[in-house]
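Some notes on the structure that comes next.
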Amino acid sequence: MKTLDKAFDPETYESRIAQLWEQADAFRGDPSRGGERFSMVIPPPNVTGSLHIGHALDYTLQDVIVRRQRMLGKDTVWVPGTDHAGIATQMVVERHLREQGLTRHELGRERFVEEVWKWKETYHARIVETLRRLGCSCDWSRERFTLDPGLSRAVRETFVRLHEEGLIYRGERLINWSVGSQTALSDLEVLRDEPEQGELWSFAYPVEGGGEIVVATTRPETMLGDTAVAVHPDDPRWKDMIGRRVIHPFFPEREIRVIADEILADPETGTGAVKVTPAHDPNDFECGRRHGLPMINILNPDGTLNENAGPFAGLDRFEARERVKQALTERGLFRGSRPHMYAPGRCQRTHTIVEPMLSTQWFVRMKPLAEPAIEAVRSGAIRFVPSSWEKTYFHWLENIEDWCISRQLWWGHRIPAWHCADCGEITVAREDPSACGSCGSPRIEQDPDVLDTWFSSQLWPFSVFGWPERTPDLERYHPTDVLVTGFDIIFFWVARMIMSSLHLTGKIPFRTVLFHGLVRDAQGRKMSKSTGNAIDPGETMDRHGVDALRFTLAAMTSPGSDIALSESRLEGYRAFLNKLWNATRFLLMRLPAELERERPDYDEADLDDLDRYLVASFLDTVDAVDRAMDAFRFDQAVEAIYHFLWHTFCDWSIELSKPDLASGDGGERGRIRGAVMLDVLDGALRLLHPFAPFITEELWQHLPRRHGESPLLATARIPTPDDPAVPVPRALDRPAARALVEHWLIEPVGAVRGLRSGAGIAPSRPIRVLLRPRDESGREALARFADRIGVLARAERVEVLDGAPPDEPALRHVGEHVEVTVPLEGAVDIEQERARLSRERDKLARERDGLRRKLSNPAFVEKAPAEVVDKDRGRLASVEARLAEVERLLGQLS
RNA sequence: AGGCGCGUAGCUCAGUGGGAGAGCGCCACCUUGACACGGUGGAGGUCGGCGGUUCAAUCCCGCCCGCGCCUACCA
């Protein structure tokens, strides 16, 4: 039999195992296969960056899910891919160019885009490598990229169709302008950080015919675009000002009136009068529309002021702010300033302050799309896990605004709209047109803008399968089963996928959305490069192995909460894998030789108490894992396997089996024991495989194989409550099998060890152990286990007593089921022993008093369920008996 | 401002209307032929605070304190 190295070293097998899977083409979906299917699409990582630990979590959970489904025998597809990430990628490449002293404009659109493609190839390769290293069982034959021809076709089809339906329109609206990346942004791409210290600056507008109106602003430069001053119609202070003209200090000819607007002007705030800049403030924009005000845009795309700013034209917006303040002060119009906390919107990518600005852009009308999406979740067609995210989802969709989808970038899907130089009409088409659809003129030019990246990402769950074609893949794998993602992109992505899938395909995109938390550091802080607390998945895998990382991430995931990842946790689970390695190593070394060739069949009648204990525990673990996985409780699944393998399999089963397996050739008992342990280990490796695929595959490959089994663990059956996947007897009485060993073997061994340790008896010192069952039903089992108890408790002799233990110097313990006596001639510290037993007596007495109090309460006995009352009565009887025995022993000591 | 969530052992976190748990850490002992990435034993908690419901509350309800996140607003 192949032997295993003493300590496990993941590096020695990880790549070899990955090759094994790849050569077998084990992860490819086959729509022609029939039977049950399971499909999932990866949330495509941005092709710009490398993968961080958050990706590792997301992909680990997905791989755990998909590997389990595959091992359940389904035709599984997990589609991998990457996202072109418009702004992010374009910016990275521009930065790269700048380092060489180049700008994208110098390069020109075509050559710039070529540069980005090169960049994409490099990072794409890196991402794929990391995914493979993580063990992700993706179907690489179906890999996609959002700019692939097929997916681009889906984007164009979507745009044209929505345009035809009137759901996409072009219009002049107030949008968020990112000065940093010089493009429009959607509302979601604008971040609001912690409020910072700002200034609320007041100045006066002189009113024609006398008087003045004082207004305040955090952005004084916007007064250059003011076209009105609003007051509340009922505000007595301003009532007679309404309709009068105010004089703009820099544009005296501009028509600026005092208007009454009860929505914009709040009498409670400030002076009750507010300046109106319709082209640069969302609320003012709405006010401007209500009153038909002129809208004056004062900004250039780069954040400097344009010609509308008159004497301030050409200045940067922040420079202009100071100059405007200065000029107003010089004119005697300054009316004070006070500190003010404010949180300006910032660009998600460049972190520069976003300017609200009037601009002509493309928009999607969202309300009609949102309604079915709300219904899909409300009706339960799509399930959120945890369901608490539903509220957030509903709230956003119920208050949804139109989506600005055009971006002034070069990297992305170009908008399929052509502007006619002659008639000015716009032609939107599936195929590139050669003439204006309206006047037939050939002088048309494609819209220079590209689409928001999320416009293509929203199609991902069906575009990857070939939509708008009705491909066999689309028929079979859409809708997908589970989407696993972070809650931070619930609006960006999840909601939009639901809306677009329902609208375009008539189907939901996925049945279940599993939201996980963020990965944080050991102190619960957000990981970031600047804090220096970011954990690099590659480095972690180098140090601890892929499986330890995966296992740790899965073990620490709990629905709805973030993960505090710590080095010590990783070390702990790595130690667990080492333990598993060595347990397998032990079995392989000690197995009776003939098991290498053939595992004997056995049935329940062939099993002894220890076999039954092991099988029962294993089957219980299978049930626990199954339940946990159904509920996406990876932490609980992992905990069940961990506990079973380490504490049941290693600590008890292996230790107890050493005598049976010691002789090598074994005999009948050894052969059965060996076969049972092998089968149970086999089953446990299967259960564990989705979490730790590499080590389990490696170990499994070393196990003697039964006939007709899959050559790979990755495609072998996983144990379920209906089918344990290994030939262990399933009908046995599990609670009885476990109780027998726990009561009559594990308990007395623990008691002796405790006595030894408590009294400071060296492990090497031989002792004699006397056992007395506190219930006669255990006598036979106790006698049967006596020898094994002796081995594990390191006792020379173990006797089962008929009557009371002899009254001689001894360490004594009165357990729940067994009373243990360790006679120690001349070595017992009477005082110490008395103190220990007294503590025990006090504890039992407290418990007895509590139970008596409870049981003497008539309300409890009447109202509590009978089984609860019976249980407590039983406990009381047991506690009283133990207490009596402890008191008797104490009496002997005095 | 509104919404959501959290507060349980030194740390990070599970958990349940009926005898407080895990991992790591800590203490003591042990080179036992799978494993020192190990073994054995042990210490450690008013389950954030105050009320309420209940025969019974760490769990359900209300209020308070502390922390986090999301959405909105911010002349």
Side-chain angles (χ1 to χ4, degrees), chain A residues 4 6-8 192 195 198 200-202 214-219 230 264-266 269-277 281 283-284 340-344 386 388-389 391-392 395-396 399 487-488 490-491 517-518 520 522-524 544 548 552 555-556 558 560-590 633 635-636 639 642-643 650-651 654-655 658 662 750 753-758 760-764 791-794 847 850-851 854 857-865 867-869 871-872 875 879:
Chain A
L4 293 166
K6 181 167 170 179
F8 95 120
R192 299 216 181 244
L200 190 61
W201 206 84
S202 299
V214 176
V215 293
T217 177
T218 55
R219 298 179 294 157
L264 188 66
D266 173 12
T269 308
T271 61
V274 55
K275 60 193 273 307
V276 186
T277 323
D281 181 281
N283 296 315
D284 294 4
H340 177 75
M341 297 301 284
Y342 85 128
S388 51
W389 289 106
K391 231 176 177 165
T392 309
H395 182 261
W396 187 70
N399 298 286
F487 51 75
D488 49 328
I490 185 168
F491 308 135
L518 264 53
R520 295 169 177 277
Q523 282 79 47
H544 301 289
T552 307
M556 301 197 66
S558 187
S561 53
D562 291 345
I563 293 180
L565 189 63
S566 67
E567 193 67 18
S568 64
R569 240 4 227 268
L570 277 161
E571 283 164 12
Y573 288 124
R574 183 198 157 100
F576 165 70
L577 297 176
N578 180 60
K579 186 78 178 174
L580 171 64
W581 180 273
N582 278 287
T584 307
R585 178 166 176 259
F586 167 82
L587 258 194
L588 293 180
M589 276 164 44
R590 293 287 199 85
R633 289 304 304 265
D635 56 332
Q636 292 178 349
E639 148 72 20
Y642 179 102
H643 186 269
C650 292
D651 290 351
I654 285 188
E655 293 308 323
K658 282 178 177 172
R753 285 169 172 172
L755 287 175
R756 256 203 135 112
S757 174
I761 310 298
S764 51
V791 172
L792 293 191
R794 310 185 121 255
E847 207 177 336
L851 286 165
K854 207 166 162 187
N857 179 357
F860 171 69
V861 181
E862 280 165 31
K863 295 192 180 176
E867 59 268 30
V868 172
V869 178
K871 200 173 141 199
D872 281 348
R875 275 176 61 205
V879 166

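Predicted model only: the values in this text are computed from it and were never measured. So you know, we letter chains A, B, ... as the sequences are listed, proteins then strands, and number each from 1. Hydrogens, waters and symmetry mates play no part in the numbers below; they use all other heavy atoms, side chains included.
- Pair assignment for C59(B): none, as no Watson-Crick or G-U wobble contacts are both less than 3.5 Å.
- The listed nucleotides are A34(B), A14(B), C74(B); the one nearest the side chain of D635(A) is A14(B).
- Comparing the C1' positions of C47(B) and C59(B) gives a spacing of 10 Å, expressed to the nearest Å.
- Remark: U54(B) base-pairs with no nucleotide in the shown strands. Criterion, Watson-Crick or G-U wobble with two distances under 3.5 Å.
- When the C1' atom is used for both G39(B) and G44(B), the distance is 22 Å, rounded to whole Å.
- The phosphate of A14(B) (OP1 or OP2) has a side-chain N or O of S561(A) nearer than 4.0 angstrom.
- G45(B) makes up no base pair with any nucleotide shown, lacking Watson-Crick or G-U wobble contacts both under 3.5 Å.
- Nucleotides C35(B) and G21(B) are separated by 26 Å at their C1' atoms, to the nearest Å.
- When distances run from any side-chain atom of D651(A) to the nucleotides G39(B), A14(B), G38(B), the shortest one goes to G39(B).
- Proximity note for R569(A) (side chain, C-beta onward) versus C35(B), C24(B), U12(B): the nearest is U12(B).
- With C13(B), G15(B), A34(B) as the candidates, the nucleotide lying closest to the side chain of A564(A) is C13(B).
- Distance check on atom P: G25(B) versus C11(B) gives 16 Å, rounded to whole Å.
- Q636(A) contributes no side-chain N or O that forms a donor-acceptor pair with the base of A22(B) under 3.5 Å.
- For R794(A), no side-chain nitrogen or oxygen approaches OP1 or OP2 of U40(B) to under 4.0 Å.
- T218(A) comes within contact range of the sugar-phosphate backbone alone, with a heavy-atom separation under 4.0 Å but no base atom that close.
- With A75(B), U40(B), C55(B) as the candidates, the nucleotide lying closest to the side chain of A859(A) is C55(B).
- Cation-pi contact between K658(A) and F586(A): present, with separation from the ring centre below 6.0 Å and deviation from the ring axis of at most 45°.
- Within the 4.0 Å cut-off from OP1 or OP2 of A34(B), at least one side-chain nitrogen or oxygen of K658(A) is found.
- C29(B) and G23(B) have their C1' atoms separated by 23 Å, given to the nearest Å.
- Using a 4.0 Å heavy-atom cutoff across all strands shown, A216(A) reaches sugar-phosphate atoms only and no base atom.
- The heavy-atom pair separating L570(A) from A548(A) by the smallest distance is CD2-O, 3.9 Å.
- Distance check on atom C1': G51(B) versus G18(B) gives 23 Å, rounded to whole Å.
- In the set C35(B), A34(B), C30(B), C30(B) carries the atom at the smallest distance from any side-chain atom of P763(A).
- Of all nucleotides listed (A34(B), G23(B), G18(B)), G23(B) comes nearest to the side chain of Y642(A).
- Of the two residues contacting RNA chain B, namely M556(A) and G754(A), the nearest-nucleotide position lying further toward the 5' end is that of M556(A).
- Listed pair R590(A) / A34(B) meets the phosphate criterion, a side-chain N or O lying under 4.0 Å from OP1 or OP2.
- Under the Watson-Crick or G-U wobble criterion, with both distances below 3.5 Å, U40(B) is paired with A28(B).
- Across all strands shown, C69(B) pairs with G3(B); the Watson-Crick or G-U wobble distances both stay below 3.5 Å.
- Remark: S558(A) is in phosphate contact with A14(B), judged by side-chain N or O atoms under 4.0 Å from OP1 or OP2.
- Under 3.5 Å, the side chain of R753(A) and the base of G41(B) form no donor-acceptor pair of N or O atoms.
- Below the 3.5 angstrom threshold, one finds a donor paired with an acceptor across the side chain of K579(A) and the base of C35(B).
- Within the 4.0 angstrom heavy-atom criterion, no nucleotide atom of any strand lies near R756(A).
- Pair check for U12(B) finds A22(B); Watson-Crick or G-U wobble, both atom distances under 3.5 Å.
- Relative to the side chain of E639(A), the nucleotides A22(B), A34(B), C55(B) differ in distance, and A22(B) lies closest.
- Using a 4.5 Å cut-off on side-chain heavy atoms (C-beta onward), N399(A) and H395(A) make contact.
- Going from the P atom of C60(B) to that of G5(B) covers 11 Å, rounded to whole Å.
- Here, A43(B) and A22(B) have their P atoms 13 Å apart, quoted to the whole Å.
- Pairing of C35(B), defined by two Watson-Crick or G-U wobble distances under 3.5 Å, is not identified with any nucleotide.
- Applying the 4.0 Å criterion to OP1 and OP2 of C35(B), one finds that K6(A) has a side-chain N or O inside that range.
- Panel note: side chain R192(A), backbone P344(A); no donor-acceptor pair is recorded below 3.5 Å.
- Using a 4.5 Å heavy-atom cutoff, the side chains of R574(A) and T552(A) are not in contact.
- As judged by a 4.0 angstrom heavy-atom cut-off over every strand, A230(A) is placed among residues making no nucleic acid contact.
- Pairing each heavy atom of L264(A) with each of V276(A), the nearest pair is CD2-CG2, 3.8 Å.
- Side-chain proximity of I654(A) to the nucleotides C4(B), A34(B), C37(B) is greatest for A34(B).
- Summarising the geometry, atom CG belonging to D872(A) is positioned 4.5 Å from atom CZ belonging to F860(A); distances are rounded to the nearest 0.5 Å.
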